[in-house]
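Residue numbers begin at 1 in each chain, while the letters A, B, ... track the order of the sequences.
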Amino acid sequence: MSFPSVEEQLAIIKRGAVEIVPEQELIEKLKKSKKENKPLRVKLGVDPTRPDLHLGHSVILRKMRQFQDLGHEVILIIGGFTAMIGDPTGQNKTRPPLTIEEVNENAQTYIDQAKKILDEDKLTLTNNNDWLGPMDFMDVVRLSSKLTVARMIERDDFSKRFENNEAISLHEFLYPLAQGQDSVYLKSDIELGGTDQKFNLLVGRQLQKDDGQDQQVCLMMPLLVGTDGSAKMSKSYDNYIGIDEAPNDMYGKTLSVPDELIYTYFELVTDIATEDLPAIKEKAEKDPRNAKHDLAYTVVRMYHGEESAKAAKDHFEQTVINKQVPDDAPEFEYNSGEELRLLDVISDTGFSPSNGETKRMMKQGGISLDDEKIKDINHTITLESGQEVALKVGKRNFGIIKGK
RNA sequence: GGGGAGAUACCAAAGCGGCCAACUGGGGCAGACUGUAAAUCUGUUGUCUUACGACUUCGUAGGUUCGAAUCCUGCUCUCCCCA
């Protein structure tokens, strides 16, 4: 096999990338790789701390996929060891270290999800516990002599926590070193990471240099802004779109992304060909409504297929735009002729977390039967055999109550 | 090692013996509006109860009191200053 031209490769590699340090070295590595027909070793380390992957994670995983498609060797490091330290990057508090059991379990769910983006057959999987685990205390001491305290505390996340009188545990300083050691061990040519990983990635370069190796190129991808349009996509901000989410949720959530982000999402999280991006950009500006529906469709298609994407689009139009009960609403059967309290019925459906919450929604007009708002908390219904009543609880929960 | 400060609901932060299920902001939820599950405005926000009310909740374990988130003691954790 042979690699595409350096120019072609570079165009794909640079798509969406914020910074390549140093870009010239990347070009050199690509040239050499092509000339010797030898793939570059591209490394990504992940912490199996949160098993639910979302589109934010997909930005980097997609970049990895692009390297795979170009023919390079892509190495995914499960941070089995580093997860037990906890990456302090961007954190305002110490991360709780995980046990080995948790790490193994999380790692598996991570891999299962990552396979939806990466080409499993071309993936090299490793666990940094294999080489970090056996290091003894002296090894750690030697390693930690490579970095100064001053360098550590000039980092934003640490200095902020320091100023705010928040706890910083000593072990958190060891994290970048552990990650950098991965690069030394694997002799990586390129390491991917979010912009927030810059410090950690650069440590890898330094440690490789100390070891007499060629230094890795650091490729930084932007942090995807979440559906709220302000903070980075993250589970803890609840502004994320999970890659395991149901098609309908995925579609709806994607539509809630602010218009300004339509193009960014296309560029970073979809498989739309790079050459088609300019046309997309124009559409996003001129016709944001349809461009966003295209985006939602594309995202659902990527993870659930064409059929589901169509269905999700229909579902959204039916429920949100036309405010009708969807075809796939769950059914709840009750004996006919029996007087049922609506409160209890809703409790059965699981659409509301507590009766107090249900009553609140009722008072506020958030609950309806056959399009009629029910505000009486004592409302009862009696079904006839075969009768179907459409129930709506809040904005998104639809059900059919049926008499048997 | 010595001295000081602190731990409140999803988060931040008031309260400092009864009027506290606990001010306020964020978040969440609902309504209106919208191309949108966006923005904005309004309402709402422990659990159970038709309601009266009952129960659990203010780091943790005890204690004082008719009554404690508020006072006392032990414990755990965090921050600051000094060494």
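A heavy-atom distance below 4.0 Å to RNA chain B is reached by these residues of residues 346-375 of chain A, ordered by number: A:Ser354, A:Asn355, A:Gly356, A:Glu357, A:Lys359, A:Arg360, A:Met361, A:Gln364, A:Gly365, A:Gly366, A:Lys373. Near RNA chain B, defined here as any heavy-atom distance below 4.0 Å, the residues from residues 258-269 of chain A are A:Asp259, listed numerically. The stretch residues 286-303 of chain A touches RNA chain B through A:Arg289, A:Lys292, each having a heavy atom under 4.0 angstrom from the strand.
With RNA chain B read from its 5' end, the first of the two nearest nucleotides for A:Ser256 and A:Asn378 is the one closest to A:Ser256.
A:Gly394 comes within 4.0 angstrom of sugar-phosphate atoms only, judged by non-hydrogen atoms across all strands, and of no base.
Residue pairs meeting the salt bridge (Lys or Arg N to Asp or Glu O under 4.0 Å) criterion with at least one partner in residues 255-272 of chain A, sequence neighbours excluded, are A:Asp259-A:Lys292, A:Asp271-A:Arg301. Sorted by first and then second residue, the side chain to side chain donor-acceptor pair (under 3.5 Å) pairs with a member in residues 114-123 of chain A read A:Lys115-A:Glu120, A:Lys116-A:Asp244; sequence neighbours excluded. Applying the salt bridge (Lys or Arg N to Asp or Glu O under 4.0 Å) rule to pairs touching residues 126-148 of chain A yields A:Asp139-A:Arg142, sequence neighbours excluded. Listed by first and then second residue, the side chain to side chain donor-acceptor pair (under 3.5 Å) pairs that reach into residues 374-384 of chain A are A:Glu339-A:Thr380, sequence neighbours excluded.
Nucleotide B:C71 is matched to B:G63 when pairs are restricted to Watson-Crick or G-U wobble geometry with both distances under 3.5 angstrom. Here B:G1 sits opposite B:C82 as a Watson-Crick or G-U wobble pair (both hydrogen-bonding atom distances under 3.5 Å).
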Identify every side-chain donor-acceptor pair in residues 16-30 of chain A under 3.5 Å, counting partners at least two apart or on other chains, and give the distances.
| from | atom 1 | to | atom 2 | distance (Å) |
| --- | --- | --- | --- | --- |
| A:Glu19 | OE1 | A:Lys198 | NZ | 3.1 |
| A:Glu19 | OE2 | A:Lys198 | NZ | 3.1 |
| A:Glu23 | OE2 | A:Lys14 | NZ | 2.9 |
| A:Gln24 | NE2 | A:Glu28 | OE2 | 3.1 |
| A:Glu25 | OE1 | A:Arg205 | NH1 | 3.2 |
| A:Glu25 | OE2 | A:Arg205 | NH2 | 3.3 |
| A:Lys29 | NZ | A:Asp189 | OD1 | 3.2 |
| A:Lys29 | NZ | A:Gln215 | O | 3.2 |

Scan the side chains in residues 274-285 of chain A for donor-acceptor partners under 3.5 Å anywhere in the protein, sequence neighbours excluded, and list what turns up.
| from | atom 1 | to | atom 2 | distance (Å) |
| --- | --- | --- | --- | --- |
| A:Thr274 | OG1 | A:Arg15 | NH1 | 3.1 |
| A:Glu282 | OE2 | A:Lys286 | NZ | 2.9 |
| A:Lys283 | NZ | A:Asp294 | OD2 | 2.7 |

Atom pairs under 3.5 Å: protein N/O with N/O of nucleotides 54-59 of chain B:
none

Using nucleotides 76-79 of chain B, report all nitrogen or oxygen pairs with the protein that are shorter than 3.5 Å.
| from | atom 1 | to | atom 2 | distance (Å) |
| --- | --- | --- | --- | --- |
| B:C79 | OP1 | A:Ala167 | N | 3.3 |

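Between the CG atom of A:Leu342 and the C1' atom of B:U50 there is a distance of 14 Å, rounded to whole Å. Separating the NZ atom of A:Lys395 from the C1' atom of B:G28 is a distance of 11 Å, rounded to the nearest angstrom.
Partners of A:Glu331 by side-chain contact (heavy atoms from CB on, under 4.5 Å), not counting sequence neighbours, listed by chain and number: A:Glu388, A:Ile400, A:Lys402.
For B:U45 and B:G25, the C1' atoms lie 14 Å apart once the distance is rounded to whole Å.
Contact check, A:Arg341 against B:U50: a side-chain N or O comes under 4.0 Å of OP1 or OP2.
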